[in-house]
Amino acid sequence: TVIFFLMIRRPPRSTLFPYTTLFRSQYSSVQKVSSNLYKEKIIIGTEISPEYLALYIAQDKDFFDEAGLNVELKQYESDDKLKTDYKKGKIQGRTGSITDSIYDAYDGLNNKTVLAINHSTGADALITRQEIQTIKDLKNKKIGLEEDTKEKFFLSQLLKQNNLTLSDINSVYSEHEEVLELLKSGKIDAAVTHEPFLTATLQNNDTFHIVFSSEKTPYLIADVLTFNNSFIQAYPETIKAIIDAYFKGLEFWKENPKE
């Protein structure tokens with residue numbers, strides 16, 4: 001049995017269905033390892049983001065149930081809460097960026113990527129007040145973002161490309177929705193955000209605009225599905241079944257885009 005990795009081109013805001021490319025994973029002989037599925041509830045944590053739709057389709061259409069799995073997708077409002085539950089073992093797996101998985105590993109969590117979901121081509125962005133026109137204009141400005149997340153990584157790379165560092169700005173760390181409230185109230189000058197919050201913030205609002213988006217750095221940010229390595233080693237057939245259900249969800253999305 002072969003488990004595949006899936007890379008989805010993260011779509012611009014106006015596009016919903018992704019482009020896919022398949023990669024073979026290291027688990028090329030999982031049936032030789034174990035033929036037993038995990039019988040208890042499997043909780044996968046996600047944030048609010050459109051790229052995880054195929055997982056929710058798999059849940060809604062009972063593709064996990066058909067595979068003999070008891071999977072719950074638990075939605076978190078912030079990466080910080082998601083990360084905390086993952087580290088405490090309250091959930092077995094999580095979606096997030098590659099950067100998130102690296103931070104998790106540095107914090108002592110033995111996790112591995114089992115599925116590469118997409119790479120961002122415009123759905124992550126730095127938004128600012130209209131008077132800020134370039135990245136260099138950010139010097140000494142207050143910028144809101146979540147700490148130790150892809151937003152921080154994204155911002156640090158943008159600054160680096162313009163001969164600036166995080167020490168050249170005033171970082172304001174908070175949960176994502178609170179960051180956007182700080183921006184709207186004028187307490188910060190800019191924010192790093194992503195879909196669906198990006199469109200919601202800019203819609204019918206001339207106060208803010210996009211200074212830079214991941215459309216210009218399409219391979220800088222990628223989202224993945226990770227699991228605790230001990231769970232992967234103990235239940236490789238379960239990982240295979242989860243990925244198969246994900247593919248079924250993705251195919252349903254492709255064949256029924258209007259549903």
The test is side-chain contact (heavy atoms from CB on, under 4.5 Å); show your working for V211 and I135 and say whether it passes. CA-CA 7 Å; V211 169; I135 300 297; 3.8 Å; yes

Where Y76 and I91 come nearest, the two heavy atoms and their spacing: OH-CG2, 3.7 Å

Any donor-acceptor pair under 3.5 Å from T95 side chain to L225 backbone: no

Assess the residue pair E178 and L180 against the criterion (side-chain contact (heavy atoms from CB on, under 4.5 Å)); give the C-alpha distance rounded to whole Å, side-chain angles, the decisive distance to 0.1 Å, and a yes or no. CA-CA 5 Å; E178 185 175 340; L180 296 177; over 6 Å; no

Other residues, nucleotides, ligands: >12 heavy atoms within 6.0 Å of K184 NZ: yes

Determine whether the aromatic ring centres of residues F227 and Y235 are separated by less than 6.0 angstrom. no

Will you find, in the side chains of E151 and T149, an N or O donor that is under 3.5 Å from an N or O acceptor? yes

Could you check L159 against D168 for side-chain contact (heavy atoms from CB on, under 4.5 Å), going step by step and ending with a plain yes or no? CA-CA 9 Å; L159 294 172; D168 292 312; over 6 Å; no

Can you measure from CG (D137) to CG (L164) and round to the nearest 0.5 angstrom? 10.0 Å

By the definition side chain to side chain donor-acceptor pair (under 3.5 Å), identify the one residue from D79, N111, D85 that meets it with R94. D79

Under a 3.5 Å distance rule, please check whether D189 uses its side chain to pair with a backbone N or O of K142 as donor and acceptor. yes

Tell me whether L158 is reachable from I132 by hopping between hydrophobic residues (I, L, V, M, F, W, Y) whose side-chain heavy atoms are closer than 4.5 Å. yes

So, for S171 and L145, which heavy atoms are closest and what is the spacing to 0.1 Å? CB-CD2, 4.2 Å

Should E51 and S49 be marked as a side-chain hydrogen bond (donor to acceptor under 3.5 Å, both in side chains) after you check the CA-CA gap, both sets of side-chain angles, and the distance that decides it? CA-CA 6 Å; E51 64 263 37; S49 197; 2.3 Å; yes

Strictly by modelled atom types, are S101 and D104 linked by a side-chain donor-acceptor pair under 3.5 Å? no

Nearest 0.5 Å please: distance from the CD atom of E251 over to the CD1 atom of I57. 10.5 Å

I would like to know whether I188 and V179 meet side-chain contact (heavy atoms from CB on, under 4.5 Å); could you show each step before the answer? CA-CA 8 Å; I188 59 177; V179 164; 4.2 Å; yes

Under a single-linkage definition using a 4.5 Å side-chain heavy-atom cutoff for Ile, Leu, Val, Met, Phe, Trp and Tyr, are L138 and L166 assigned to the same hydrophobic cluster? yes

To the nearest 0.5 Å, how far apart are OH in Y52 and CG in N118? 7.0 Å

Is there a continuous path of hydrophobic side-chain contacts, each under 4.5 Å between heavy atoms, that joins I98 to I117? no

Evaluate the side-chain proximity of D223 to K150: yes if any heavy-atom separation is below 4.5 Å, no if none is. yes

How are the rings of F231 and Y38 set relative to one another: parallel (under 30°), tilted (30 to 60°) or perpendicular (over 60°)? perpendicular

Using the side chain to side chain donor-acceptor pair (under 3.5 Å) definition, which of the options D107, T226, D100 pairs with Y86? T226

Closest non-hydrogen atoms of A190 and T128, given as atom of the first, atom of the second and distance, are CB-CG2, 3.5 Å

Determine the minimum heavy-atom distance between S213 and G122, stating which atoms define it. OG-CA, 4.1 Å

CD of E77: more than 12 outside heavy atoms within 6.0 angstrom? no

Please check if the side chain of N256 supplies one atom and the backbone of F252 the other of a donor-acceptor pair under 3.5 Å. yes

Would you say that F154 contacts T217 through its side chain, given a criterion of any heavy-atom pair below 4.5 Å between the two side chains? yes

Go through the side-chain N and O atoms of S78 and D80 and say whether any donor and acceptor fall under 3.5 Å apart. no

Correct closest heavy-atom pair for S120 and A123 would be OG-N, 3.6 Å

Distance, nearest 0.5 Å, that separates CH2 of W253 from CG of L53: 5.0 Å

Would you say that K141 contacts I169 through its side chain, given a criterion of any heavy-atom pair below 4.5 Å between the two side chains? no

Side chains of L220 and Q157: closer than 4.5 Å at any heavy-atom pair? yes

Please confirm whether the backbone N or O of I43 pairs with a side-chain atom of Q92, one donor and one acceptor, at under 3.5 Å? yes

Using atom types as modelled and distance alone, determine if a side-chain donor or acceptor of S156 lies under 3.5 Å from a backbone N or O of F153. yes

Side chain Q133, main chain Q130, donor-acceptor under 3.5 Å: yes

To the nearest 0.5 Å, what is the distance between CD (E146) and CD (E177)? 9.5 Å

How would you list, by chain and number, every residue that makes a side chain to side chain contact (heavy atoms under 4.5 Å, CB included) with V71, sequence neighbours excluded? I42, I44, F64, L69, L73

Looking at D206, I'd like to know if its CG atom is crowded, meaning that more than 12 non-hydrogen atoms belonging to other residues, nucleotides or ligands lie closer than 6.0 Å. no

L82 reachable from Y56 in the ILVMFWY side-chain graph, under 4.5 Å edges: no

Heavy-atom distance under 4.5 Å between the side chains of L198 and I210, does that happen here? yes

All side chain to side chain donor-acceptor pair (under 3.5 Å) counterparts of K61, not counting sequence neighbours: E259

Looking only at heavy atoms, which two atoms of L37 and A241 are closest? And how far apart? CD2-CB, 4.2 Å

State, yes or no, whether a side-chain contact exists between T207 and L183 at a heavy-atom distance under 4.5 Å. no

Is V224 reachable from Y106 through a run of hydrophobic residues whose side-chain heavy atoms are each under 4.5 Å from the next? yes

To the nearest 0.5 Å, how far apart are CD in E47 and NZ in K83? 9.5 Å

